[in-house]
Amino acid sequence: MKGHSVDHTTGLIYSQEPSAQLVGEIAHPQPDEKVLDLAAAPGGKTTHLASFMNQKGLLVSNEIFKKRAQILSENVERFGAKNVLVTNHAPAELVPKFAGYFDRIVLDAPCSGEGMFRKDPDAMQYWDVDYPSRCAKLQREILVEALKMLKSGGELIYSTCTFAPEEDEQIIAWLLDSYPELELMPIDKPKGVDDGRPEWADGNPELVKTARLFPHHLDGEGHFIAHLRLKEADAVAKKAPEVVKTNLTDSQKEIWQTFADETLQRPLMGTLITFGDQLYLVPTDTPSLKGLRVLRAGLNLGTFKKNRFEPNLALALAEQPEMFKHVYPLDDQQWAQYVHGETFFVDSDIQQVKGWYLLTINGNGTGFGKLVDGQMKNFYPKGLRFMPK
């Protein structure tokens with residue numbers, strides 16, 4: 001199965017529908033920017049955005065539905081992103097924390113899904129003649145809140161996977177009429193990508209700058225994309241948001257430092273915070289998380305146990321093998337044993353240094369093991385274990 005391949009489980013690849021990939025290419029965030037993926041599950045666009053940011057800046061990846069947010073969090077972990085906050089909120093709930101904050105906002109809006117009918121015929125069961133207008137109403141409500149979180153000069157990338165003009169050109173025409181401070185940016189359209197259709201929204205010629213992706217014109221499903229910019233305005237002086245501060249106890253600091261000294265080649269950069277017994281590393285200058293429902297705060301480093309620290313899989317997937325003092329490369333058979341939850345004996349010519357090892361496959365981290373008397377104890381999460389075919 002593709003989802004259980006070596007490349008997928010180690011976060012090297014994330015399968016995404018081809019048309020949807022153009023959204024991230026248009027957004028193209030820069031390292032050190034503050035970016036919001038407002039309706040992010042299951043995570044294809046978030047991981048694509050993160051790949052441009054090179055673990056720098058802050059990417060807030062939000063999903064209103066809890067179960068979908070959990071899937072999003074899992075995909076962010078597998079991808080090895082360290083600078084992502086996964087949150088679970090309605091858009092309006094984010095505004096008090098992030099008003100005028102983001103350089104770039106991506107809204108892959110909930111829509112009627114007409115562009116996916118070919119790929120997923122079951123989606124037609126949810127459609128009725130009034131569905132596009134109901135979706136358009138929801139999209140306008142979300143956009144009103146999204147714009148409150150965009151800083152002056154910031155960019156908004158709006159997309160849907162529907163053909164319905166009510167949710168595409170007509171939404172952008174409404175935005176331009178309602179917000180004169182917005183300007184529509186041209187999109188560099190690859191071969192097979194069409195211009196938007198002004199005639200489907202009262203003839204505004206600006207709408208040719210939007211992009212239509214039709215499945216009979218390219219190798220992908222139906223999509224619509226618009227790229228907007230909030231014009232520069234005189235900045236209104238406002239108080240900088242409170243940043244998150246470490247909340248570790250002295251005992252936890254000592255336990256973590258002992259683990260880090262024994263396991264890591266150099267210090268990790270960021271702010272250490274705990275949620276219960278879980279230790280996270282968030283980017284420096286991350287806003288205070290008070291009042292937010294956060295499913296993943298940056299990088300989950302591991303768990304505080306009684307007088308010891310146990311590393312999390314996320315750390316193995318996020319950091320390069322060069323970061324770890326002890327690395328053990330698995331062969332294909334050992335990898336199959338490892339992801340199935342088995343222990344195994346290491347090769348006799350491997351230096352017998354007890355303790356935590358980063359386990360790698362094809363040069364990439366796949367998890368942690370603990371070497372005890374020549375046997376590698378298995379710490380692959382029980383909920384992820386499977387039998388490779």
Side-chain angles (χ1 to χ4, degrees), residues 17 19-20 23 26-27 35-46 60-72 86-99 102 104-117 119-120 122-150 154-179 182 184 196-197 200-202 204 207 210-213 221-228 230 293:
E17 196 279 313
S19 293
V23 177
I26 292 170
V35 181
L36 171 63
D37 188 357
L38 187 50
K45 292 179 176 64
T46 283
V60 177
S61 184
N62 182 73
E63 173 58 42
I64 188 172
F65 297 108
K66 181 67 174 292
K67 288 186 178 180
R68 286 172 55 81
Q70 290 170 338
I71 295 170
L72 168 64
V86 178
T87 58
N88 172 218
H89 283 281
E93 296 172 337
L94 294 173
V95 174
K97 179 70 69 172
F98 296 112
F102 292 105
R104 216 169 294 262
I105 296 176
V106 173
L107 174 59
D108 186 40
C111 70
S112 57
E114 296 169 358
M116 295 292 113
F117 286 176
K119 177 183 176 183
D120 181 16
D122 290 341
M124 288 186 280
Q125 305 303 315
Y126 301 100
W127 193 93
D128 62 62
V129 69
D130 296 321
Y131 196 23
S133 61
R134 294 198 303 272
C135 289
K137 180 178 182 294
L138 175 61
Q139 291 153 5
R140 287 192 292 270
E141 292 171 354
I142 296 173
L143 284 164
V144 166
E145 304 304 329
L147 288 171
K148 295 174 184 176
M149 295 183 277
L150 194 62
E155 298 181 5
L156 170 69
I157 296 83
Y158 173 86
S159 65
T160 73
C161 58
T162 189
F163 301 124
E166 302 96 314
E167 305 173 64
D168 296 340
E169 287 91 350
Q170 291 176 26
I171 286 288
I172 302 307
W174 167 79
L175 272 176
L176 295 174
D177 287 343
S178 303
Y179 296 90
L182 283 175
L184 198 52
R197 304 297 179 87
W200 291 347
D202 297 328
N204 185 338
L207 293 173
T210 64
R212 279 273 186 178
L213 289 80
E221 305 304 323
H223 232 74
F224 172 84
I225 309 170
H227 186 184
L228 301 107
L230 190 61
R293 290 192 297 275

Holding to ring pair (Phe, Tyr, Trp, His ring centres under 6.0 Å), I want the full list of residues that pass it with Tyr131, two or more places apart in sequence or in another chain.
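Here no residue qualifies.
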
Sorted by chain and residue number, the ring pair (Phe, Tyr, Trp, His ring centres under 6.0 Å) partners of Phe224 (sequence neighbours excluded) come out as none

[X]: side-chain hydrogen bond (donor to acceptor under 3.5 Å, both in side chains) partners, not counting sequence neighbours:
| X | value |
| --- | --- |
| Ser178 | Trp174 |
| Glu169 | Arg212 |
| Asp128 | Arg134 |

Hey, can you pull the donor-acceptor pairs under 3.5 Å for the side chains in residues 37-45, sequence neighbours left out?
unit_1, atom_1, unit_2, atom_2, d
Asp37, OD2, Thr46, N, 3.3
Asp37, OD2, Thr46, OG1, 2.7
Lys45, NZ, Asp108, OD2, 3.3

Where [X] and [Y] come nearest, the two heavy atoms and their spacing:
| X | Y | result |
| --- | --- | --- |
| Ala136 | Ile171 | O-CD1, 3.7 Å |
| Ala146 | Ile105 | O-CD1, 3.2 Å |
| Ser112 | Phe117 | O-CE2, 4.2 Å |
| Leu176 | Leu182 | CD2-O, 3.9 Å |
| Ala69 | Val86 | O-CG1, 3.9 Å |

Say whether, by atom type as modelled, one donor and one acceptor occur between the side chain of Arg104 and the main chain of Ala27 under 3.5 angstrom.
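Judged by distance alone, yes, a pair lies under 3.5 Å.
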
Can you tell if the side chain of [X] reaches within under 4.5 Å of the side chain of [Y], non-hydrogen atoms only?
| X | Y | value |
| --- | --- | --- |
| Leu143 | Leu156 | yes |
| Ser61 | Leu72 | yes |
| Tyr179 | Val144 | yes |

Among residues at least two apart in sequence or on other chains, which ones pass salt bridge (Lys or Arg N to Asp or Glu O under 4.0 Å) with [X]?
| X | answer |
| --- | --- |
| Arg197 | none |
| Glu221 | Arg118 |
| Arg293 | Glu93 |
| Lys119 | none |

Is it the case that the side chains of Glu114 and Trp127 hold a donor-acceptor pair, with the cut-off being a distance below 3.5 Å and no angle test?
yes

Across all chains, not counting sequence neighbours, the side-chain contact (heavy atoms from CB on, under 4.5 Å) partners of Phe65 are Glu63, Arg68

side-chain contact (heavy atoms from CB on, under 4.5 Å) partners for Cys161, two or more places apart:
Cys111, Met116, His223

Roughly how far, to the nearest 0.5 Å, is [atom2] of [Y] from [atom1] of [X]?
| X | Y | atom1 | atom2 | result |
| --- | --- | --- | --- | --- |
| Ile142 | Leu107 | CD1 | CG | 6.0 Å |
| Ile225 | Leu213 | CD1 | CG | 5.5 Å |
| Leu147 | Leu175 | CG | CG | 6.0 Å |
| Leu94 | Glu145 | CG | CD | 9.5 Å |
| Tyr158 | Leu184 | OH | CG | 13.0 Å |
| Asp120 | Gln125 | CG | CD | 10.0 Å |

Among Arg140, Lys137, Gln139, whose side chain to side chain donor-acceptor pair (under 3.5 Å) with Glu167 holds?
Gln139

Determine, stepwise, if the pair Ile157 / Val23 fulfils side-chain contact (heavy atoms from CB on, under 4.5 Å).
CA-CA 7 Å; Ile157 296 83; Val23 177; 4.0 Å; yes

